[in-house]
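Residue indices begin at 1 and follow the sequence shown.
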Amino acid sequence: MVGLLKALVYGAGGMAVVGLAALVALQERLVYVPVLPGLGRAYSITPSRLRLVYEDVWLRASDGVRLHSWFLRHSPTCRGPTILFFQENAGNIAHRLECVRLMMQRLQCNVFMLSYRGYGESEGFPSQSGITKDAQAALDHLVQRKDIDTSRIVIFGRSLGGAVGAVLAKNNPDKVSALILENTFTSILDMAGIMLPFLRWFIGGSSSKGPKLLNCVVRSPWSTLDVVAEVKQPILFLSGLQDELVPPSHMKMLYDKAIENNRNCRFVDFPSGMHMDTWISGGDRYWRTIQLFLDQYAPEVQSCDASCASEIADDEPASRG
């Protein structure tokens, strides 16, 4: 019996050591996946393939890293809201173009798509501190543009992008009108315990009850639960209840935390929404929810004329974002 207990103790200790080594050495590869398996790093398509009017924008982050992005203009004569779009952790901005095309069509908005460092044509290597600088560079560029209504800049972030967007909104209360979060996690610390269950008692975010002994080795904690508590702008939470990656409970926890100090929060769930397809499965209700939120918190100052009508094709989305 004693021998069995020793074996169990040694086995548990060995698993912890292996888990810690993997966490320290490979954590960036687990959090950031710029290249999808079987695909190259280069963009598979550009906005022109979907007949979207765009420009390539090159930025410099505050630490000198050169970043690539796309500014997609809805219409030359319509100064609608501008969505600053932050993608998930895997793939690049080209993989989100079908979603963005429909976003522009349904919301009558411009969209700015940033390639995080290490993604697409951007230089560098991804990290939390670096991507935070990237997001700030994108926003600083937008507020300096003369061809958009800078009072109607709205952040949209899905999954990792929601964590990025929440930090940016918190840091820029006077530059960002509103924040939209979709299928975002409470923290990478909490997600580590889900992806690696044997670490659950040793790592976790502010909502975790474990000892959190290994939190100190996590370089990209992305503690969104703590950040949303400090966001002053209106927040819309879009939750797919069939999310197979981020537990839907994370979105509810984010909402509950945010509304403690911010009454301008809205939570909407979509029963059939999965991690990447809520914008598809949510159908008209998904887009109508966002439109109503924008109408309330990023309202149009002056009516556009008839030339604002969408010039974007009305094809149904053919793929997931």
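Listed for the E121 side chain is no donor-acceptor partner under 3.5 Å among the backbone atoms of A42. Proximity of a side-chain donor or acceptor of R152 to a complementary backbone N or O of P299 within less than 3.5 Å is detected. Remark: the backbone N or O of Y119 is not paired with any side-chain donor or acceptor of N92 at under 3.5 angstrom. Side-chain N or O atoms of S122 include one that pairs as donor or acceptor with a backbone N or O of S115 at under 3.5 Å. A side-chain donor-acceptor contact under 3.5 Å links Y32 to the backbone of Q128. Although no hydrogens or angles enter the test, the distance criterion places no donor-acceptor pair under 3.5 Å between the side chain of D243 and the main chain of G240.
When only modelled atom types and interatomic distance are considered, S239 and D269 share no side-chain donor-acceptor pair under 3.5 Å. With 3.5 Å as the limit, one finds no donor-acceptor pair spanning the side chains of N183 and E88. Under 3.5 Å, the side chains of R49 and Y43 contain no donor-acceptor pair of N or O atoms.
With sequence neighbours left out, the salt bridge (charged side-chain N to carboxylate O under 4.0 Å, His left out) criterion links K175 to D140. With sequence neighbours excluded, the residues that form a side chain to side chain contact (heavy atoms under 4.5 Å, CB included) with S151 are D149. Taking the salt bridge (charged side-chain N to carboxylate O under 4.0 Å, His left out) definition, one finds that D284 meets it with R106, sequence neighbours left out. In this structure D56 satisfies the salt bridge (charged side-chain N to carboxylate O under 4.0 Å, His left out) test with no other residue, sequence neighbours excluded.
Remark: aromatic rings of F71 and H141 are distant, center separation not under 6.0 Å.
Between W222 and the choices L189, T184, T132, the side-chain contact (heavy atoms from CB on, under 4.5 Å) rule is met once, by T132.
Rounding to the nearest 0.5 Å gives a distance of 5.0 Å between NE2 of H275 and CG of L245. L102 contributes atom CG, which lies 9.0 Å from atom CD1 of I280 (distance to the nearest 0.5 angstrom). Atom CD1 of residue I45 and atom CG of residue L97 lie 4.5 Å apart, to the nearest 0.5 angstrom. Taken from NE2 in H250 to OG in S159, the straight-line distance is 11.0 Å, to the nearest 0.5 Å. For the atom pair OH of Y54 and OG1 of T46, the computed distance is 4.0 Å after rounding to the nearest 0.5 Å.
When side chains are defined from C-beta on, R51 does not count as touching R101, because their heavy atoms never get closer than 4.5 Å.
Sorted by first and then second residue, the ring-ring contact (aromatic ring centres under 6.0 Å, His included) pairs with a member in residues 168-192 form an empty list; sequence neighbours excluded. Within the structure, every pair that satisfies the ring-ring contact (aromatic ring centres under 6.0 Å, His included) test and touches residues 142-171, not counting sequence neighbours, is listed here: F85-F156.
Between H68 and W58, the ring planes are tilted. Angles from 30° to 60° get that label.
The pair E182-R96 does not meet the salt-bridge criterion, since no charged nitrogen lies less than 4.0 angstrom from a carboxylate oxygen.
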Next item on the list: Let me see the working for N172 and Q136 under side-chain hydrogen bond (donor to acceptor under 3.5 Å, both in side chains), right down to the final yes or no.
Entry: CA-CA 9 Å; N172 296 271; Q136 188 64 54; 2.8 Å; yes
Item checked: Candidate pair N110 and H74, rule side-chain hydrogen bond (donor to acceptor under 3.5 Å, both in side chains), full reasoning -> CA-CA 5 Å; N110 308 308; H74 176 271; 5.8 Å; no
